[in-house]
> 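Can you read through this structure? Questions will come right after.
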Amino acid sequence: MDARRYSRPIMSDPFEYDEDDGWPAAPSGPAPAYPGPGGNVAANAAPPWLESLNEAQREAVLAVDGPVLVLAGAGTGKTRVLTTRLAQILHERRAKPYQILCVTFTNKAAREMRERVADLVGPATEGMWLGTFHALGTRILRRHAELVGLKSNFTILDTDDQIRLLKQILEAERIDEKRWPARMLIHVIQRWKDKGLTPDRVDASDAGEVANGRAIAVYKQYQERLQTLNACDFGDLLLHNLTLFKENPDVLEQYRHLFRYILVDEYQDTNISQYLWLRLLAKKGEVADEPANICCVGDDDQSIYGWRGAEVGNILRFEKDFPGAKVIRLERNYRSTPNILGAASGLIAHNEGRLGKTLWTDLPEEGQKVRVRGVWDGEEEARLVGEEIEALQLKGYPLDEIAVLVRAGFQTREFEERMITLGVPYRVVGGPRFYEREEVRDASAYLRVIAQPADDLAFERIVNKPTRGVGKTTMQAVHQAARLEQLPLSIAARRMVETDELKPAARRSLTAILDDFDRWRRAAEAVDHIELTETVLDESGYTAMWKESKKPEAPGKLENLKELLTAMEDYDDLAQFLEHVSLVMDADDRAQGPMVSLMTLHSAKGLEFGTVFLPGWEEGLFPHQRAMDENGLAGLEEERRLAYVGITRARERCEISFAANRRIHGSWQAALPSRFIDELPPKHIEMEADRGVYAGSGGGVAEDRYGFMYGGGGGSYSGGFGSRGSGLRPGVPERAGTFSQGGGPGFQRMKQRGLGSRAPVIEGQADYIGGDKDTDWGEGERCFHQKFGPGTVVKVAGDRLTIEFDKAGTKTVVAAFVERPE
DNA sequence: TTAAAATCGCTGGTC
DNA sequence: GCGATTTTAA
């Protein structure tokens with residue numbers, strides 16, 4: 001056998017070889033000439049990786065035949081099982097790398113998986129079909145694009161493009177965009193696609209009154225437009241696969257035959273269309289109805305993506321879908337202390353319809369109890385968390401072992417500001433992805449127009465960016481002509497400038513940019529894609545636009561454009577690069593040095609930290625009101641799973657907090673402690689008042705969890721308010737809607753106790769603590785801050801500078817975060 | 001075409 | 001109460 005095969009690049013096409021019988025044959029027994037994994041593990045020796053696994057893990061790794069569901073609780077070594085299983089299959093030579101399909105949800109997961117398998121078996125992993133659902137779907141779709149009415153160089157649209165396209169359709173259909181916003185309709189269409197529904201299969205009753213009852217028609221038109229544009233949105237990548245497989249059984253048969261082993265990560269997050277895709281592929285080619293060797297790994301308790309189409313039902317139904325499936329539970333937790341585990345388990349036990357797992361650990365030490373703390377408001381909450389982080393930092397605790405996990409993105413701001421004031425390095429995880437950034441999208445739009453003159457959406461995006469006198473009026477005329485003659489915009493525009501339909505000025509500008517594109521297309525033939533991009537960004541005036549811009553983000557944008565050019569070096573040509581921009585490109589978090597992580601609970605899934613802070617556990621915020629309003633009990637249970645995910649991120653320390661008052665959308669609202677706090681098993685938690693209150697409350701705090709709030713009397717509070725057993729819970733809270741306006745009983749009592757008045761005093765500390773380090777900053781000096789932009793120093797206290805920012809107001813920050821303006 | 005004014009929306013966010 | 005987007009006026 002040809003050794004060359006095993007060193008092919010990852011995206012190589014297995015169909016290109018093994019031409020003899022049309023399809024790569026898999027060995028039924030040990031393959032004779034297959035090189036051992038990594039070239040150094042003898043074929044028959046027991047592989048070293050099995051020894052360090054526990055019994056359940058080993059079972060999951062070794063049960064390679066037939067359908068297997070691995071229920072892997074938080075911290076039970078799920079990824080380890082998956083990677084080892086892959087290594088085992090390769091090691092036993094049960095399949096060649098390209099006969100294995102391994103699906104993940106994120107590129108990051110795919111990358112990690114590939115690295116870890118490679119660590120075990122070396123280069124034998126090359127050629128594996130390992131990637132995200134979308135990347136693998138794209139790979140298959142490009143091969144057979146004609147069969148679903150596309151060309152194989154189709155473009156992949158992102159949300160911006162989708163909305164722009166839909167807006168055009170709504171306008172043409174004369175559907176009032178005020179009443180039926182494009183954002184909402186695209187969401188509806190997306191949900192249909194998640195369910196594997198093409199326009200003809202959507203039930204009319206499902207569409208209801210949406211878009212005046214024309215939702216299905218709009219969906220249909222949207223799909224037609226995509227087809228003429230030779231484009232797909234993300235949902236199509238799988239939906240077209242389903243159509244392809246259904247209408248071409250021979251093609252499906254090929255892939256069924258090809259994929260001898262299928263592995264799926266995070267199975268609880270699959271949507272219907274992903275599920276159907278897997279189910280189609282997971283049949284043995286030779287024996288039509290026999291389920292193949294499919295192994296799904298997941299945790300129903302960590303299903304937190306229902307809102308974007310994920311169906312927990314998929315994992316709950318696995319045994320029915322694949323009769324005779326083996327279900328293996330990984331319940332031994334290697335991450336958290338018994339107290340943390342106990343708190344999390346007690347909480348999640350309140351959910352119904354679970355597959356059920358009992359996590360255990362044999363850690364001898366109980367560890368710290370989960371600390372639950374009530375505070376006056378969000379500011380105090382942030383301050384206390386900040387103080388603790390500072391104390392940990394002082395003790396030499398590594399900052400990258402600390403995370404603040406919040407329910408909603410806006411909550412990070414308060415903590416961010418606190419970190420800035422304290423001078424604690426931090427990072428906010430999960431900002432906009434690299435390819436979603438304005439400048440990167442603009443640059444790719446230029447390249448897309450060059451590569452695909454029919455790409456109207458890209459053309460529109462940059463035709464007047466930078467402004468070059470091709471405005472709305474001009475484009476409207478071009479649009480009309482294009483629609484009339486069924487031509488792409490750039491072609492219609494070219495025809496138009498040859499007539500005198502346009503005003504001379506507009507005609508001149510439009511001709512200029514069209515000529516530019518012609519020139520760039522010719523250049524594309526001659527120079528490589530990097531040089532081409534440089535030329536385009538330069539000659540179009542795009543770079544100049546940002547150079548001249550005075551916006552604080554402008555230098556960053558130029559920086560990103562440079563980074564884009566560097567990133568392009570990894571790709572062979574323009575087409576390859578463009579695919580990766582939309583599908584694979586990550587924001588690189590080249591974080592330097594250890595930092596505290598601030599992020600949402602959603603983005604924390606899969607991570608772990610020594611210490612985790614979980615602020616904002618208040619009714620309405622967490623569980624979020626909208627989750628409950630829109631999805632009732634199911635919504636509430638998903639929120640509870642989110643809480644479970646949060647707690648189980650912690651290894652040794654977990655601190656939950658809630659505030660009595662919080663500012664939401666600008667106005668102050670009184671808040672009740674989250675019902676999840678009531679649901680935590682008391683023996684694993686430690687309820688605490690903040691110090692000022694604690695001193696004066698005369699005991700009872702530990703007994704009565706709300707004693708400090710409602711007075712030290714213990715259990716005597718009334719008003720059916722935040723209490724257990726008051727008949728309010730579970731289910732929809734009595735105070736349906738939103739938070740009550742400030743002034744509930746708790747609010748009043750707290751105010752009387754003088755709780756709120758302490759806040760400004762402590763706030764002032766920032767000015768005089770930590771002030772021995774001198775800086776060379778002087779009052780009145782101009783400066784620049786990464787986040788707040790330019791400003792003037794008004795006060796210097798050690799290394800703390802009070803700065804009046806031009807845009808962001810007055811703030812006190814650590815000098816190290818401030819630069820001199822250029 | 002640009003700048004100011006009004007309006008919207010506001011849970012999570014991969015590909 | 002803020003920021004982004006969209007409408008309106010100049």
> Under 4.0 Å, counting only non-hydrogen atoms across every strand here, what does A:G469 touch: a base, just sugar-phosphate, or nothing?
sugar-phosphate
> Looking only at side-chain atoms of A:A408, point me to the closest of B:dG12, C:dC2, B:dC15.
B:dG12
> Would one find a side-chain N or O of A:N107 under 4.0 angstrom from OP1 or OP2 of B:dC15?
yes
> Counting side-chain heavy atoms from C-beta on, which of B:dT11, B:dG12, B:dC15 comes nearest to A:E638?
B:dG12
> Salt bridge check, A:E438 against A:K557: does any charged N sit closer than 4.0 Å to a carboxylate O?
yes
> Judged by atom type as modelled, is there a donor-acceptor pair below 3.5 Å linking the side chain of A:S303 to the main-chain atoms of A:D300?
no
> Determine: side-chain N/O of A:R407 to OP1/OP2 of B:dG12, distance under 4.0 Å, yes or no.
no
> Would you check if there is a donor-acceptor pair between the side chains of A:Y542 and A:D442 at a distance under 3.5 Å?
yes
> A:R183 CZ to B:dG9 P: how many Å, rounded?
9 Å
> With the side chain of A:T600 defined as its heavy atoms from C-beta on, choose the nearest nucleotide among C:dC2, B:dT11, B:dG13.
B:dG13
> Are A:Q452 and A:T155 linked by a side-chain donor-acceptor pair shorter than 3.5 Å?
yes
> The side chain of A:H602 is closest to which nucleotide in this list: C:dT6, B:dC15, B:dG13?
B:dG13
> Using OP1 and OP2 only, check whether a side-chain N or O of A:T467 sits under 4.0 Å from B:dT2.
yes
> Is the phosphate of B:dG12, meaning OP1 or OP2, less than 4.0 Å from a side-chain N or O of A:S603?
no
